[in-house]
Amino acid sequence: MARLEGRTALVTGAGAGIGRSVAERFAREDARVIIADRDADAAASVAASIGERARAVVVDISDESSVEAAFTEAAADGWSPDVVVANAGVQLFGQDAKAADLDLDVWRRTIDINLTGTFLTVKHAVRAMLASDGGSIILTGSPTGLTGEGQDFTAYSASKAGIHGLTRTVAAAYARDGIRVNTVVPAYTETGLVSTISDDPESRAAIVSRIPVGRAGTPADVEGIMVFLASSDADFATGALFAVDGGMTSL
Ligand SMILES: NC(=O)c1ccc[n+]([C@@H]2O[C@H](COP(=O)([O-])OP(=O)(O)OC[C@H]3O[C@@H](n4cnc5c(N)ncnc54)[C@H](O)[C@@H]3O)[C@@H](O)[C@H]2O)c1
């Protein structure tokens with residue numbers, strides 16, 4: 001049985017990786033999906049592969065006018081989302097570093113997209129949901145925001161810890177408005193984002209050895225929890241972190 005019939009979801013970073021997988025799954029659960037990505041070709045191609053149930057929009061989440069325009073355009077077309085997955089993010093491999101070696105510019109570029117961009121997505125999602133009947137906002141966190149896992153990635157890890165905090169604050173502020181806010185925490189998941197690790201057998205083996213179930217995550221691994229959080233099954237779930245990480249954060 002389709003679990004998201006009648007819902008409209010906007011997924012940022014849906015041109016690739018986890019966002020793409022989640023958007024495709026939402027469509028299979030009968031939701032309409034807005035594929036929001038700064039990569040116009042990737043967004044168009046994912047939307048075309050899904051078909052009528054999808055549309056693409058080019059958004060840079062770090063630019064407020066771009067985020068606002070995406071929500072305004074969706075509302076004008078009758079596609080105002082009641083599910084928003086604030087998932088787009090970057091990890092600047094080769095630049096992000098331990099604190100003493102981290103350039104301020106790399107810190108700022110990471111925070112601008114991962115934390116400020118997620119905040120802007122959440123801000124305009126809340127506005128859209130206040131203007132309708134509420135909804136579900138789902139953020140993508142990381143084990144690096146919870147443990148010392150990201151010791152070589154100070155900016156990335158701090159941005160993800162910020163997302164975890166944003167989840168709780170916004171959830172509490174809008175709980176009475178029927179808006180739920182939760183974060184999904186995937187483990188190391190093999191997408192283009194982490195090809196620096198997956199292309200290097202030694203680095204890959206080291207990170208997989210820190211996942212108790214003994215394998216890397218795939219984008220499909222997080223689809224189920226995203227469907228649950230988007231659906232009415234999760235009506236009493238808000239302000240929480242949901243780890244689907246093969247036990248990585250249990251260590
Ligand atoms: N892959 C992992 O191991 C892993 C683990 C935990 C959390 N995450 C998080 O999951 C999310 C998705 O990661 P992924 O692995 O699917 O990455 P990915 O690189 O495969 O896909 C990210 C997508 O986001 C888009 N994007 C990047 N910056 C953007 C911006 N400013 N505006 C709009 N779109 C933008 C990219 O074009 C791309 O399509 C990220 O927030 C990431 O931090 C990933």
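Order of listing sets the numbers, starting from 1, for every ligand and every atom in it. Here, residue 1 is the first one in the sequence, and each next residue gets the next number.
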- Query: Going by distance only, is there an N or O of Val90 that falls short of 3.5 Å from an N or O of ligand 1?
  - Reply: no
- Query: Taking N or O atoms only and a 3.5 Å limit, does Tyr188 qualify as a polar contact for ligand 1?
  - Reply: no
Mode of [X] contact toward ligand 1 - side chain, backbone, both, neither (heavy atoms, under 4.0 Å):
X	result
Val59	backbone
Glu190	neither
Asp60	both

Side chains of [X] and [Y]: does their closest heavy-atom pair fall under 4.5 Å?
X	Y	answer
Tyr188	Pro143	no
Asp37	Val58	no
Leu120	Ile61	no
Pro186	Val244	no
Asp177	Met129	no

Closest non-hydrogen protein atom to [atom], residue and atom name please, with distance?
atom	result
atom 38 (C) of ligand 1	Asp37 OD2, 3.5 Å
atom 6 (C) of ligand 1	Pro186 O, 3.5 Å
atom 8 (N) of ligand 1	Tyr156 OH, 3.6 Å
atom 34 (N) of ligand 1	Arg38 N, 3.3 Å
atom 24 (O) of ligand 1	Gly13 CA, 3.3 Å
atom 32 (N) of ligand 1	Ile61 N, 3.0 Å
atom 1 (N) of ligand 1	Thr189 O, 2.9 Å

Residue-ligand contact [X]/ligand 1, heavy atom below 4.0 Å:
X	answer
Ala42	no
Arg20	no
Ala187	yes
Ile113	yes

- In ligand 1, which numbered atoms sit nearer than 4.0 Å to a non-hydrogen atom of Gly17? 16 (O), 20 (O)
- Ligand-residue contact atoms, ligand 1 with Gly141, heavy atoms, under 4.0 Å: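 Here the atoms of ligand 1 in question are 6 (C), 7 (C).
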- Task: Please name the residue in the list Leu10, Val11, Val83, Val84 that meets the side chain to side chain contact (heavy atoms under 4.5 Å, CB included) test with Ile34.
- Result: Leu10
- Task: For Thr189 and Ala187, indicate whether the former's side chain and the latter's backbone hold a donor-acceptor pair under 3.5 Å.
- Result: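 Indeed, once roles are kept as given, a pair shorter than 3.5 Å links the two residues.
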- Query: Are the side chain of Thr154 and the backbone N or O of Ala99 linked by a donor-acceptor pair below 3.5 Å?
  - Reply: yes
Only heavy atoms count here, so choose which of [options] is nearest to [atom].
atom	options	answer
atom 40 (C) of ligand 1	Asn87, Val46, Thr140, Thr121	Asn87
atom 18 (P) of ligand 1	Leu193, Ile18, Val58	Leu193
atom 22 (C) of ligand 1	Ser159, Ser195, Ser66, Gly89	Gly89
atom 15 (O) of ligand 1	Asp245, Asp63, Ile197, Thr191	Thr191

- Query: Closest approach of Ala70 and Val57, non-hydrogen atoms and distance?
  - Reply: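 The answer is CB-CG2, 4.1 Å.
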- What are the two closest heavy atoms between Asn87 and Gly13, and how far apart are they? ND2-O, 3.6 Å
Are side-chain N/O atoms of [X] and [Y] paired as donor and acceptor at under 3.5 Å?
X	Y	value
Asp235	Ser232	no
Asn114	Thr110	no
Ser21	Glu223	yes

